[in-house]
Asks: 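Mind having a look at this structure? Questions to follow.
Just follow the structure's listing: the first ligand is 1, and inside any ligand the first atom is 1. Residue numbers start at 1 and run along the sequence shown.
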Amino acid sequence: MAKRIDVSGLNAYYGNFRAVEDISMTIEPRTVTAFIGPSGCGKSTFLRTLNRMHEVIPGARVEGKVMLDDENLYGANIDPVAVRRTVGMVFQRPNPFPTMSIKENVAAGLKLNGVRNKKVIDEAVERSLRGANLWNEVKDRLDKPGAGLSGGQQQRLCIARAIAVEPRVLLMDEPCSALDPISTLAIEDLIGQLKEQFTIVIVTHNMQQAARVSDRTAFFNLAGVGQPGRLIEIDSTEKIFSNPSVQATEDYISGRFG
Ligand SMILES: Nc1ncnc2c1ncn2[C@@H]1O[C@H](COP(=O)(O)OP(=O)(O)OP(=O)(O)O)[C@@H](O)[C@H]1O
Ligand SMILES: [Mg+2]
């Protein structure tokens, strides 16, 4: 099976503290993988190692290998800024650039990439906003501030901004946790559409959401406070939610801890 991401022997540290230990997993193209597990087990940390955002934190470092297609993201000649373009990220709280219009928000990445042609930019803005299911709501106010949209609209704007540069992978860290149920469903529908084109990894505390949107689910856990997070198992979402291989997974998804 073709792999988009192939992680092996990955450890992530904050200073001397090892936050995630010895993670290996593969992710296929055009799938949605959900990361679940109790608070502090390293889901966000691990997610950020997949686009080299972890090391932005002073004292933070990564050991191990993350292959994206045929390239090790931690290889010697890799530019972390280029990695972050190829592996886009959407955060828990929508974070549109506050001084920019809706259109400028979506176009920001393209401009950073050196795209200057107005027609090319306009087309990409429309395509991305349509892709994020936001076009109809904003097409008459593209020059208004992005920060003036509702929370759910802002999150879709951030998704439009992320997909405008056509990343190969889209990482989402609890993208719905600040949203109302209707906006949450809108984002979930959108994830279902986006996976036709992108490979998606989503962290969520919502078990129903993991079950609804993902093809595969990875359960992370930690042995105790101060212990590193580990990948306990990864399998088809159906298997994880009906008949997981590990008791701790069963306990977690059935709400017995966490
Ligand atoms: N910037 C940081 N500096 C030092 N330690 C950190 C930092 N960020 C996270 N950690 C620690 O790393 C461990 C993993 O944290 P992480 O945020 O990855 O967990 P998580 O699974 O995403 O939790 P949550 O579900 O609460 O978001 C925790 O012990 C946390 O305290
Ligand atoms: Mg987190």
Asks: When only distance counts, is Gly40 in polar contact with ligand 1, meaning an N/O pair under 3.5 Å?
Replies: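 Yes, since at least one N or O of Gly40 sits under 3.5 Å from an N or O of ligand 1.
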Asks: Quick one: which of Pro58, Ser39, Pro228, Ala60 has a heavy atom closest to atom 24 (P) of ligand 1?
Replies: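 Shortest heavy-atom distance from atom 24 (P) of ligand 1: Ser39.
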Asks: Would you kindly specify which portion of Phe17 sits under 4.0 Å from ligand 1, judged on non-hydrogen atoms: side chain, backbone, both or neither?
Replies: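 Under 4.0 Å from ligand 1, Phe17 contributes side-chain atoms alone.
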Asks: Give a yes or no on whether Phe97 and Val90 share a hydrophobic cluster (residues Ile, Leu, Val, Met, Phe, Trp, Tyr; joining criterion: side-chain heavy atoms under 4.5 Å apart).
Replies: no
Asks: Heavy-atom count around Arg93 CZ within 6.0 Å, excluding the residue itself: above 12?
Replies: no
Asks: Got a sec: does the NZ of Lys239 have more than 12 other heavy atoms crowding it under 6.0 Å?
Replies: yes
Asks: Is atom 30 (C) of ligand 1 close to the protein, meaning a heavy atom under 4.0 Å from it?
Replies: no
Asks: If you count every heavy atom of other residues, nucleotides or ligands that lies below 6.0 Å from Lys139 atom NZ, does the total exceed 12?
Replies: yes
Asks: Between the side chains of Arg156 and Glu137, is the shortest nitrogen-to-carboxylate-oxygen separation below 4.0 Å, so that they form an ion pair?
Replies: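 Counted as a salt bridge, because a side-chain N and a carboxylate O are separated by less than 4.0 Å.
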Asks: Can a salt bridge be assigned to the pair Arg4 and Asp69 using a cut-off of 4.0 Å between side-chain N and carboxylate O?
Replies: yes
Asks: Looking at Thr45, which atoms of ligand 1 are within less than 4.0 Å of one of its heavy atoms?
Replies: 14 (C), 15 (O), 16 (P), 18 (O)
Asks: Report the nearest protein non-hydrogen atom to atom 22 (O) of ligand 1: residue, atom name, distance rounded to 0.1 Å.
Replies: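 Answer, as residue, atom name and distance: Ser44 OG, 2.8 Å.
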Asks: Below 6.0 angstrom between ring centroids: does that apply to His54 and Tyr14?
Replies: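 Ring centroids of His54 and Tyr14 are less than 6.0 Å from each other.
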Asks: Going by distance alone, is a donor N or O of one side chain under 3.5 Å from an acceptor N or O of the other, for Tyr74 and Glu63?
Replies: no
Asks: Does the N or O separation between Gly42 and ligand 1 drop below 3.5 Å for any pair?
Replies: yes
Asks: Can you tell me if Asp173 and Ser44 form a side-chain donor-acceptor pair at under 3.5 Å?
Replies: yes
Asks: Please list, in number order, the atoms of ligand 1 under 4.0 Å from a heavy atom of His205.
Replies: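 Near His205, the atoms of ligand 1 are 24 (P), 25 (O).
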Asks: Look at the N, O or S atoms of Thr45, main chain and side chain alike, and state whether any lies under 2.8 Å from the Mg ion (ligand 2).
Replies: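 So Thr45 does not bind the Mg ion (ligand 2) by this criterion.
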Asks: Give me the nearest non-hydrogen protein atom to atom 12 (O) of ligand 1 as residue plus atom name, then the distance to 0.1 Å.
Replies: Tyr14 CE1, 3.3 Å
Asks: I'd like to check atom 18 (O) of ligand 1 in this structure: does the protein have a heavy atom lying under 4.0 Å from it?
Replies: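 Given the 4.0 Å cut-off, atom 18 (O) of ligand 1 counts as touching protein heavy atoms.
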Asks: In ligand 1, which numbered atoms sit nearer than 4.0 Å to a non-hydrogen atom of Ala19?
Replies: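 Checking each atom against Ala19, I get 12 (O), 13 (C).
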Asks: Counting each atom of ligand 1 from 1 as listed, which ones have a heavy atom of Glu174 under 4.0 Å away?
Replies: 27 (O)
Asks: So, is Cys41 polar-close to ligand 1, with some N/O to N/O distance under 3.5 Å?
Replies: yes
